[in-house]
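A short worksheet on the structure shown next.
Atoms within a ligand are numbered from 1 in the order they appear, just like the ligands themselves. Not measured: the values here are computed from a predicted model.
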Amino acid sequence: MVAFASCALYALNALMFLSANNPVVATPVPQTAETAKSAWWLANIARNGAPAFGTDQGYKVFRNVMDYGAKGDGITDDAAAINRAISEAIPGQERCGLGCDSRTTQPAIIYFPSGTYLVSKSLKQHYYTQMIGEITSLPVLKATPDFNDMAIIDADPYEPDGANWFTNQNNFFRQVRNFVIDTTAQPPNIGAGIHWQVAQATSLQNIRFEMVKGGDNNAQKGIFMDNGSGGFMTDLTFNGGAYGAFLGSQQFTVRNATFNDCKTAIFMNWNWLWSFHGLTINGADIGIDMANGSPSLTGSGVNQTVGSVLVLDSTINAKIGVNSSFSEDSAPTTGGTLILNNVDMTNTPIAVQGASQEQVLAGSAKIDSWAQGQQYVDMSPGNRIQDTTPAPSKPAELLKDGKIFTRSKPQYETVPVDKFVSIKTVAKGDGKSDDTQAIQKALNDLADDQILYVDHGAYLISDTITIPSNKATRIVGELWPMLLVTGEKFADASKLVPAIKVGANAGDSGSLEMSDMIIGTQGPAPGATLMQWNLASEQGASGLWDVHWRVGGYAGSNLQLDKCLKSNTTAWTADSVRPDCQGAGLLFHGAKGAANYYLENTWFWVSDHELDSAPFSQIDIFNGRGVLIESEGASWWWGTASEHNVLYNYQLSAAKNVFMSAIQTETPYFQGNPDATVPFAVQSAINDPDFATSCKDDTPGCKKAWGLRVRDSSDVLLFGGGLYSFFENYGQTCVPGNDCQLNMVSLEGTQSNVHLFGLSTKASVNMVTVDGVGAALDKDNRSNFCATLARFSASTK
Ligand SMILES: *[C@@H]1O[C@H](CO)[C@@H](O)[C@H](O)[C@H]1NC(C)=O
Ligand SMILES: *[C@@H]1O[C@H](CO)[C@@H](O)[C@H](O)[C@H]1NC(C)=O
Ligand SMILES: *[C@@H]1O[C@H](CO)[C@@H](O)[C@H](O)[C@H]1NC(C)=O
Ligand SMILES: *[C@@H]1O[C@H](CO)[C@@H](O)[C@H](O)[C@H]1NC(C)=O
Ligand SMILES: *[C@@H]1O[C@H](CO)[C@@H](O)[C@H](O)[C@H]1NC(C)=O
Ligand SMILES: CC(=O)N[C@H]1CO[C@H](CO)[C@@H](O)[C@@H]1O
């Protein structure tokens, strides 16, 4: 999250229109909870999950909207019934809605059997809610002709007085999947499918938006996103509308989205960085419009609002592929950065249109590699380009059919419910009992055709758990149950012990699919590597989807504001610094020998603030390291983020075949009190950065966490990175000067074929540091908020 908002608002006020109160015309499809019976396991599995902390017995984690009176018959207005299903709490409590900020202890799955749900009001998605439609026959959410709210699903409603339910940058933990969202009954000048104003640990998956097609007064939008700090979405289809998706957020990753007959497929209202992969745009006037803000050739007027856009492995069939405001002297300098890589514009006459609405890149061709923005090659000075760039070589391991490999979260719609084994048959998940042995037994006993179902709850792990080698293991969580690592075994910061070992030994065969889980600690575990990935799988066999790391700041973590409230008036030393407020030693370790592991929408979060107790203050949590990648086999990092770790957020050490798009990091808010040499001692066995040595002259801001450190690595492709520093000892006076820290990205040692595309950093004097020397500087590459490089290549050394 970002603790402040510096972005101006670029909102479109086109959403509120009144319309005639037309009669509803629809074909009745009578349904009840009985007749809408599904064969999908998710609809039928026994529900034994319960929040482990702070919520009484009787709270319902799973709600079928038909049990709350929704008919799904296409004629009844189901809005009130669905909103009842979402908001129901146990007597005397409320789920987390307006004014609640955040809460992890009252989660809910709202399940929709197939049917057509007519709604006259928006469905207000409360905090920590997954809305899941029947996968085998997608339910339709259809707005009535007189629907007059912001959007059919609203993830962050506005009250009439303008109050937002949630802080957009803190609007975590939510999903919407398997729906058709239909605004075609509304007049064409009004209507939006989803208002998706969200932050990390959120996803949209498998949704088709049906909008009015064509017409001069068409103003419909599939997605309306005004702002936020996301985020990930995939497997979306947009039919019709003025804008398939109207988008604005700090950073975001979008995969596999098809746009048919939208006037503008994607309108990019503002961003710092945005990465798209697998777009298919058919029959639009404009594929991507990122020209918001005039080119401001004189430096006056409104500047470009878009920081950067990356488009990979896509096909655009439009009159204009990308509408842009970038020119030789457009402002800000690196605003409007654009990277095109393997984009088929054979049927698009103008690939990129520039600031004066002139053609800057001809279409009717496949665009192999093209960029506008600042380009750096090794230590050479940067230069401004709007041109073809050398295509990075993509290792075959990372590809499938010539594109970067992808695999969406499995929902197991073909696996019968009796193949799911509830972990509660052996474990307690009550946040108190030690479930280590029980979980290990469940894993050992699991047959290859079975899936381990982790009912909602909190499972304490006091010793290493091993996902067996030579076996296919599949694990699905119910609404992000927590695996909490705790105890003596993980107490020694000088000796890292894996808590969850994926495969017994590095390079073992076998596979793991895991989705919808949370991994954290209960109390300090500075001797824990929370997950160590050892398996070498086949391409596509292993992955983590919507699995999030969350250390501190929530009920059950024992690292909350009562103990760990920020204290920036104490000058911390190695001896004094808060042993009670340490998190883990290392969040994730891709071990040497591991291969073909795939992470999608994974947020490695060391908490910067409290989620469950008012006033939701900032807290000090000291966590050693974020993500360490030492593997040489392929790994994919789609839409991952790593935040607030003391030594580094991501470190690639003698790694190979790493693809990342996009990554986001924030360095700790408490640094440099203490600086990054405290409290975690350098461990040379895992090649920790040694700030005491590398910053020997005590240069200001040097002993601070790396956002991304790459040493002795090869075949590394980064497409989109947003690496931020927002604080100095919780103060923000360094932000406008862009000097909260000296360095952010380090390239060290022998590198080959290492490419950073679309790198944005905030408030780090050096954007990229090569062997200790600043190679690309913030001050030379200013954008709207971050500084941005189109391309940095360290290809030969
Ligand atoms: C987010 O966008 C909405 C709509 O434009 C606006 O009301 C709100 O103030 C914005 N919030 C921030 C923090 O920029
Ligand atoms: C993209 O999403 C659609 C719709 O969910 C799905 O049918 C298709 O298989 C996905 N394609 C890829 C390459 O994942
Ligand atoms: C492209 O962007 C410019 C703003 O730079 C805008 O005036 C224009 O209407 C957009 N669309 C087209 C089709 O040129
Ligand atoms: C536009 O950008 C220029 C150059 O970066 C800057 O000097 C100017 O203040 C900006 N204008 C506005 C309105 O933000
Ligand atoms: C402590 O943090 C506050 C912001 O919460 C900041 O204004 C203040 O300057 C900081 N104090 C010190 C000593 O840095
Ligand atoms: C290399 C290059 O083009 N640097 C430019 C970066 O931006 C500043 C202004 O923000 C220009 O003065 C530099 O010329």
Problem - Heteroatom distance test (Gln169, ligand 1): nitrogen or oxygen, under 3.5 angstrom - result: no
Exercise for the section: For residues Trp638 and Phe659, establish whether the separation of their ring centroids is below 6.0 Å. Expected result: yes
Completion exercise
A student checking ligand 3 against Ile286 at a 4.0 Å heavy-atom cut-off should list atoms 11 (N), 12 (C), 13 (C)
Practice task
May I ask you to decide whether Arg177 forms a salt bridge with Asp235, counting only side-chain N to carboxylate O separations under 4.0 Å?
Solution key: no
Practice task
Run through Asn282, Asp261, Asn260 and flag the one making a side-chain hydrogen bond (donor to acceptor under 3.5 Å, both in side chains) with Asn239.
Solution key: Asn260
Problem - Per-atom contacts, ligand 3 versus Asn323 - under 4.0 Å to a heavy atom - result: 1 (C), 2 (O), 3 (C), 8 (C), 10 (C), 11 (N), 12 (C), 14 (O)
Handout entry: Per-atom contacts, ligand 3 versus Ala291 - under 4.0 Å to a heavy atom
Key = 2 (O), 4 (C), 5 (O)
Exercise for the section: Have a look at Asp401, Thr237, Asn206, Ile207 and point out the one with the heavy atom closest to atom 5 (O) of ligand 2. Expected result: Asn206
Problem - Rounded distance (nearest 0.5 Å) linking atom CG of Asn227 with atom CG of Asn271 - result: 12.5 Å
Exercise for the section: Answer yes or no: does an N/O atom from Asp289 fall short of 3.5 Å to an N/O atom of ligand 3? Expected result: no
Exercise for the section: Answer side chain, backbone, both or neither: which part of Asn292 comes under 4.0 Å from ligand 3, heavy atoms only. Expected result: neither
Problem - salt_bridge(Lys319, Asp285) N-O dist < 4.0 Å - result: yes
Handout entry: Shortest protein heavy-atom distance from atom 1 (C) of ligand 2, along with the residue and atom involved
Key = Asn256 ND2, 1.5 Å
Exercise for the section: Report yes or no: does Lys319 have a heavy atom closer than 4.0 Å to ligand 3? Expected result: no
Exercise for the section: May I ask you to check whether Trp41 and Tyr412 place their ring centers less than 6.0 Å from one another? Expected result: no
Exercise for the section: Flag atom 9 (O) of ligand 2 as yes if some protein heavy-atom distance to it falls below 4.0 Å, otherwise no. Expected result: no
Handout entry: Part of Ser325 with heavy atoms under 4.0 Å of ligand 3, whether side chain, backbone, both or neither
Key = side chain
Handout entry: Gln372: which of Val322, Leu340, Leu338 passes side chain to side chain contact (heavy atoms under 4.5 Å, CB included)
Key = Leu338
Practice task
Look only at interatomic distance and state if Arg255 has a nitrogen or oxygen under 3.5 Å from any nitrogen or oxygen of ligand 2.
Solution key: no
Practice task
Examine Ser324 against ligand 3 and note whether any of their N/O atoms are separated by less than 3.5 Å.
Solution key: no
Exercise for the section: Tell me whether the centres of the aromatic rings in His195 and Tyr158 are closer together than 6.0 Å. Expected result: yes
Practice task
Give me the ring orientation class for Tyr117 and Phe112: parallel if the planes are under 30° apart, tilted from 30 to 60°, perpendicular past 60°.
Solution key: perpendicular
Exercise for the section: Fit a plane to each ring of Trp603 and Trp605, take the angle between them on a 0 to 90° scale, and name the class: parallel (under 30°), tilted (30 to 60°) or perpendicular (over 60°). Expected result: parallel
Exercise for the section: Enumerate the atoms of ligand 1 whose separation from the nearest heavy atom of Asn227 is less than 4.0 angstrom. Expected result: 1 (C), 2 (O), 3 (C), 8 (C), 10 (C), 11 (N), 12 (C), 14 (O)
Fill in the blank from the handout: Rounding to 0.5 Å, atoms CG (Asp313) and OG1 (Thr280) come to a distance of 10.5 Å
Practice task
May I ask you to list the atoms of ligand 1 that are less than 4.0 angstrom from any heavy atom of Gln197?
Solution key: 1 (C), 2 (O)
Practice task
Could you see which bit of Asn168 sits under 4.0 Å from ligand 1, with heavy atoms only: side chain, backbone, both or neither?
Solution key: side chain
Problem - Numbering as shown, the atoms of ligand 3 that approach Gln353 to under 4.0 Å (heavy-atom distance) - result: 1 (C), 12 (C), 14 (O)
